[in-house]
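Structure first, then comments.
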2 protein chains.
Amino acid sequence: MVKQFYQAGQLIFLEGERARGIWFVVSGLVRIVKQSSTGRIQTLCALNRGRCFGTCPLFSSEINPATAEALEPTTLAVLPQTAFKEVSRQRPALALILLSVYGQRLAQLAHLSEALGTWSTADRINNCLLTYADYGAANPVVRLTHEELARLSGTVREVVTRHLAQLEKSAIVQAQPRLIEILNLGVLQSTWLCKAATP
Amino acid sequence: MVKQFYQAGQLIFLEGERARGIWFVVSGLVRIVKQSSTGRIQTLCALNRGRCFGTCPLFSSEINPATAEALEPTTLAVLPQTAFKEVSRQRPALALILLSVYGQRLAQLAHLSEALGTWSTADRINNCLLTYADYGAANPVVRLTHEELARLSGTVREVVTRHLAQLEKSAIVQAQPRLIEILNLGVLQSTWLCKAATP
DNA sequence: CCCCTGATGTGATTTAGATCACATCGCTGC
DNA sequence: GCAGCGATGTGATCTAAATCACATCAGGGG
């Protein structure tokens, strides 16, 4: 298992490349993106400490279906494909864990597809705020720029800026450069709870 | 393994329900959908003979992340969850096959997310035509109504109708009720090849 | 045959939200 | 201090596409 360090903005692997192994986030933040020919970018998910990625192609096409990029200075650990196959042969339980990870990832992408296909941009931005908030502090905080938030929610910066201004006017969030503090979690949740989960 | 028969339009399971097992399509057509509170529906994928579904929750949340619906009169085979776990214990290779299926499914949803997030509706409709065409005949045919096509591509019927009229004027497709014949595959592919794959 | 219903075709209108075009603002390096 | 750059704020357009509102068409059952 090899440790690797990446700068903010550095690409880890590209869509279409042959997969090299399975990656674990030791520290930092990684996002998985799809870029279309028109240059627009859709972020599929962002991954922090402890999460893994690059797993899709391990058992099927061998080709990365998307691009991975470091959002912050990030340390990763890579388990090369051959080593991974070795380990998984020795420990069959690993496959079950991976299946569970895959299942969650599928559910999350299904959710994203629903959001992109049927929600308004405002709803998608709210959803992203909730999804990427750090719930550690007294008030949840989102450490992303408007630009990054826009790409996560499938829109453009200006729309995010305007929507956040709106939320700030309603005292639902408190915006600072590169950081959004959520003051009223309940309101945000209520707008999207009615969309998402059926209990 | 139990065989079950469903009418066109009948729901097989609902999002949020506890998963009962893994399903195989023996004949007919099934679609996996997400429905938002506003009533709009996003179809995630359509599955024909030989494909399986309902697999996501088997190893993680136990909750179906989406709804499954029969589009045609459809015969399914169900392997209950307990039986499935039994089989997978006896045959570890099964897990690897499932991982491969999951990987493909993930790649497909990643692709859908890109399409929904960054493509124009026209591109998405073209993409759906190619994805859901039956390539058996001389000319590929798509056996879907405009309504169904709209839900697969995340738009509304009128837009599909208009776009198909456009394609028909350019002699790229030949439309008949409930059936679209693709006359010029190359043109359709060229519009989306430049979006999708990097070789 | 005719009525009914589901599938289509098509215009007119509306609007969310993408684009463009700048103005600030705050930090970093020199 | 100030030049420069990345993040943000904001107005003024522009436009793809959703919505609304009908007309038509084709098949199936009684």
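Given the structure is predicted, the values throughout are model-derived calculations rather than measurements. Each chain gets a letter, A, B and so on, in the order the sequences are listed, and its residues count up from 1.
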Bend across the helix from dC1(C)-dG30(D) to dC30(C)-dG1(D), to 10°, with axes taken over 5 pairs at each end?
30°

Within the 4.5 Å heavy-atom criterion, are L167(B) and L188(B) side-chain neighbours or not?
yes

Under the salt bridge (charged side-chain N to carboxylate O under 4.0 Å, His left out) definition, can you give me all pairs with a residue in residues 53-64 of chain B, not counting sequence neighbours?
R18(B)-E62(B)

Would you grab the first and last nucleotide of DNA chain C (5' to 3') that comes under 4.0 Å of any non-hydrogen atom in chain B?
dA7(C) to dA12(C)

Would N126(B) and H163(B) count as a side chain to side chain contact (heavy atoms under 4.5 Å, CB included) if you check the C-alpha gap in whole Å, the side-chain angles of each, and the deciding distance to 0.1 Å?
CA-CA 9 Å; N126(B) 288 346; H163(B) 179 64; 2.9 Å; yes

Per the under-4.0 Å heavy-atom filter, residues of residues 143-161 of chain A near DNA chain C come out as T155(A), V156(A), E158(A), V159(A)

Linking Ile, Leu, Val, Met, Phe, Trp and Tyr by side-chain heavy atoms under 4.5 Å, what else ends up with L11(B)?
L14(B)

Side chain proximity check, N139(B) to Q174(B), heavy atoms < 4.5 angstrom
no

Quick test of your reading: applying salt bridge (charged side-chain N to carboxylate O under 4.0 Å, His left out), list the pairs with at least one residue in residues 131-143 of chain B, sequence neighbours left out, ordered by first then second residue.
none

Relative to each other, are the rings of W23(B) and F53(B) parallel, tilted or perpendicular (30° and 60° limits)?
parallel

Rounded to whole angstroms, how far apart are CD1 on I41(B) and C1' on dA18(D)?
16 Å

Review item, side-chain donor-acceptor pairs of residues 41-49 of chain A, under 3.5 Å, at least two apart:
residue	atom	partner	partner atom	Å
T43(A)	OG1	R151(A)	O	3.4
R49(A)	NH1	V26(A)	O	2.8

Could you list the donor-acceptor pairs under 3.5 angstrom formed by side chains in residues 70-78 of chain B, with sequence neighbours left out?
residue	atom	partner	partner atom	Å
T74(B)	OG1	L29(B)	N	3.2
T74(B)	OG1	L29(B)	O	3.3
T74(B)	OG1	E72(B)	O	2.7
T75(B)	OG1	S27(B)	OG	3.4

Residues within residues 168-182 of chain B bordering DNA chain D, heavy-atom distance below 4.0 Å
none

ILVMFWY clustering at 4.5 Å (side-chain atoms), partners of L183(A):
none

Using a side-chain heavy atom cutoff under 4.5 Å and only I, L, V, M, F, W and Y, what cluster partners does V141(A) have?
L179(A)

Starting at atom CZ of R162(B), determine the distance to atom C1' of dT19(D), rounded to an integer number of angstrom.
10 Å

Under 3.5 Å, side-chain donor or acceptor atoms of residues 90-101 of chain A against the rest of the protein: list the pairs with distances, not counting sequence neighbours.
residue	atom	partner	partner atom	Å
Q90(A)	NE2	E86(A)	OE2	3.3

Heavy-atom side-chain proximity of L149(B) to I180(B) below 4.5 angstrom:
yes

